[in-house]
2 protein chains.
Amino acid sequence: MSNAVVKFRLEPKSGRDRILLVAMRLFGEQGFDSVTVRDIAAAADVSVGLINHHFGSKDGLRDQVDAHFLEVFEAAYLEGTRVGAEVTSAEEYSQWIEAWISRHVDDWPLLAQYLRRALLEESDWGAEVFRRYYDIVRSAIDRVDAAGGVAPEVDRLWLPFLIIYLQVGTLLLDPYIKRILGRSGFDRDLWRRRHEAYSHMLASGVWSGGAPARPSPRPTRRRRPPPEK
Amino acid sequence: MSNAVVKFRLEPKSGRDRILLVAMRLFGEQGFDSVTVRDIAAAADVSVGLINHHFGSKDGLRDQVDAHFLEVFEAAYLEGTRVGAEVTSAEEYSQWIEAWISRHVDDWPLLAQYLRRALLEESDWGAEVFRRYYDIVRSAIDRVDAAGGVAPEVDRLWLPFLIIYLQVGTLLLDPYIKRILGRSGFDRDLWRRRHEAYSHMLASGVWSGGAPARPSPRPTRRRRPPPEK
DNA sequence: GCGGGCGCTAAACATACGTTCAGCTCCGGC
DNA sequence: GCCGGAGCTGAACGTATGTTTAGCGCCCGC
């Protein structure tokens, strides 16, 4: 079992691994173009020459960082699809997709930040990661749907995307959540609480009295005109 | 032309405005550090010297681009809060926040990309924009809540964030949606359809029948009339 | 007419950056 | 003992990039 999950942490003893680790962190924090090889060398406490000695070039370094990330992600992906393929109920679905994320939560401060960058910078492999992720979510929904678990009036086209929004929202916006809440949305208890709020929203919505018999508490304000331009 | 909305489009006749416009586009597409002043000069069909002549430095240029964006955003923000302050029902809320976005949808290919980039790069003003956005959403929810419009078991801490996720999801992930659907999620009909899916999810959830996590007033599926046009 | 400011250009300049290279230390095998 | 390779260093190199500067043409007020 311990073998199923690829090791996340590189040995910081060797200079090569230190460079890889530091580069991943800096790329995630500042973006590829904003980080200089001298920054990396300084942070990893090695000479600039060593980076090119091991990785050929700055681009080569990025390739290796990407490869390392994808190696980890691939393991999680396979794990996810394997479990996901057996899911047919909404409850189960919400369980495994969250578990799939939570399983590696301890390694996330580094990995999540890097994935966030990759997604937002639209790296070529970032697009591939997203595509796979979409496939996972979509096929899971399809199975739930086939089992009658999706309400009939729900838009099948948008449902996977809306669910993805909810799932990756914390990933993409955590820097700002941190500023508002004072701590990361990935913190254990916050994360768990978020999962419950998320599950509840998918199951029942959030507004009360879904029945149209709402006691319109305020006198009728002028309703906004439909978006027109 | 309505005077209430600050002009979005600069006059591309003057070199200064061309630079501003091109810079906004390139910064949004590639990120500040990846764009060189020579790129901008070439794309705006001016000399490199003109950029520093008008803006002093590349950083000065960014400041002006930011200022122009914020000018536009501020108008939309005030417009949003003014209307938003009068909203107390969930229906209205969902209406105005979407209208607030839809109103400027034609200017979005440029503005959205720039905002997306600002959020990605965690610029200081990007954080400020997010904070204000959060305040808008949160206070709107609070009013709805005070009017009894929020279901009691809903997590008040996470609700604003989950709603924000749904709202900005398309903004942040549109490049990938484009690859999957073949066109932008901001396209008129897709956007409208997304809004309905979004409203429906908030009102009723998406799963059918299934047992809600909490004893809900009605474990059986609740039916809603289709959103009136 | 003309002086001066404004928009603008193109070349020159200084520096930051990615890359290269000669050479150092350490260590295992012969 | 010493050879050879691996890990590593720091200075040097070439180029890309942001900035500065000298100067041109146009237009407006006097």
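Just so we're on the same page: letters track the sequence lines, and every chain starts at 1.
Rounded to whole Å, atom P of D:dG18 lies 8 Å from atom CD1 of B:Ile40. When rounded to the nearest whole Å, the span between CD1 of A:Ile51 and P of D:dT9 equals 10 Å. Between B:His53 atom NE2 and C:dG5 atom P the separation is 13 Å, expressed in whole Å. Put simply, CG on B:Leu61 is 16 Å from P on D:dT17, counting in whole angstrom units. For the pair A:Asp17 CG and D:dC8 P, the interatomic distance rounds to 10 Å; values are reported in whole Å. When the C1' atom of D:dC8 is taken as reference, atom CG of A:Asp45 falls 12 Å away, rounded to whole Å. The distance between atom CZ of B:Phe55 and atom C1' of C:dG7, rounded to the nearest whole Å, is 12 Å. Atom CG in A:Asp59 sits about 10 Å away from atom P in C:dG18, given to the nearest Å.
Electrostatic pairing of A:Glu29 and A:Arg25 counts as a salt bridge here, judged by a charged N lying under 4.0 Å from a carboxylate O. Using a cut-off of 4.0 Å between Lys/Arg side-chain N and Asp/Glu carboxylate O, A:Glu128 and A:Arg132 are scored as salt-bridged. Taking the charged nitrogens against the carboxylate oxygens, A:Arg193 and A:Asp189 have no contact shorter than 4.0 Å, which rules out a salt bridge. Using a cutoff of 4.0 Å between basic side-chain nitrogens and carboxylate oxygens, A:Arg62 and A:Asp66 are not scored as salt-bridged. Under a 4.0 Å N-O distance rule, the pair A:Asp45/A:Arg18 does not qualify as a salt bridge.
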Please set out all donor-acceptor pairs under 3.5 angstrom arising from side-chain atoms of residues 31-41 of chain B, sequence neighbours excluded.
from    : atom 1 : to      : atom 2 : distance (Å)
B:Asp33 : OD2    : A:Ser34 : OG     : 2.4
B:Ser34 : OG     : A:Asp33 : OD2    : 2.3
B:Ser34 : OG     : B:Gln30 : O      : 3.2
B:Thr36 : OG1    : B:Arg38 : N      : 3.3
B:Thr36 : OG1    : B:Asp39 : N      : 2.9
B:Thr36 : OG1    : B:Asp39 : OD1    : 3.3
B:Thr36 : OG1    : B:Asp39 : OD2    : 3.2
B:Asp39 : OD2    : B:Thr36 : N      : 3.2

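Distance from the side chain of A:Asn52 is smallest to C:dT20 among D:dG7, D:dT20, C:dT20.
With a 4.5 Å cut-off on side-chain heavy atoms, B:Leu111 and B:Met24 count as touching.
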Nucleotide-resolved protein contact map, nucleotides 10-17 of chain C, B/S/- at heavy-atom distance under 4.0 Å: B------B
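Crowding of A:Arg192 atom CZ: a count of heavy atoms from other residues, nucleotides or ligands under 6.0 Å not exceeding 12.
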Distances under 3.5 Å between protein N/O atoms and the N/O atoms of nucleotides 22-28 of chain C, please, pair by pair.
none

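Ring pair A:Tyr114/A:Phe69 is tilted by interplanar angle, where 30° to 60° counts as tilted.
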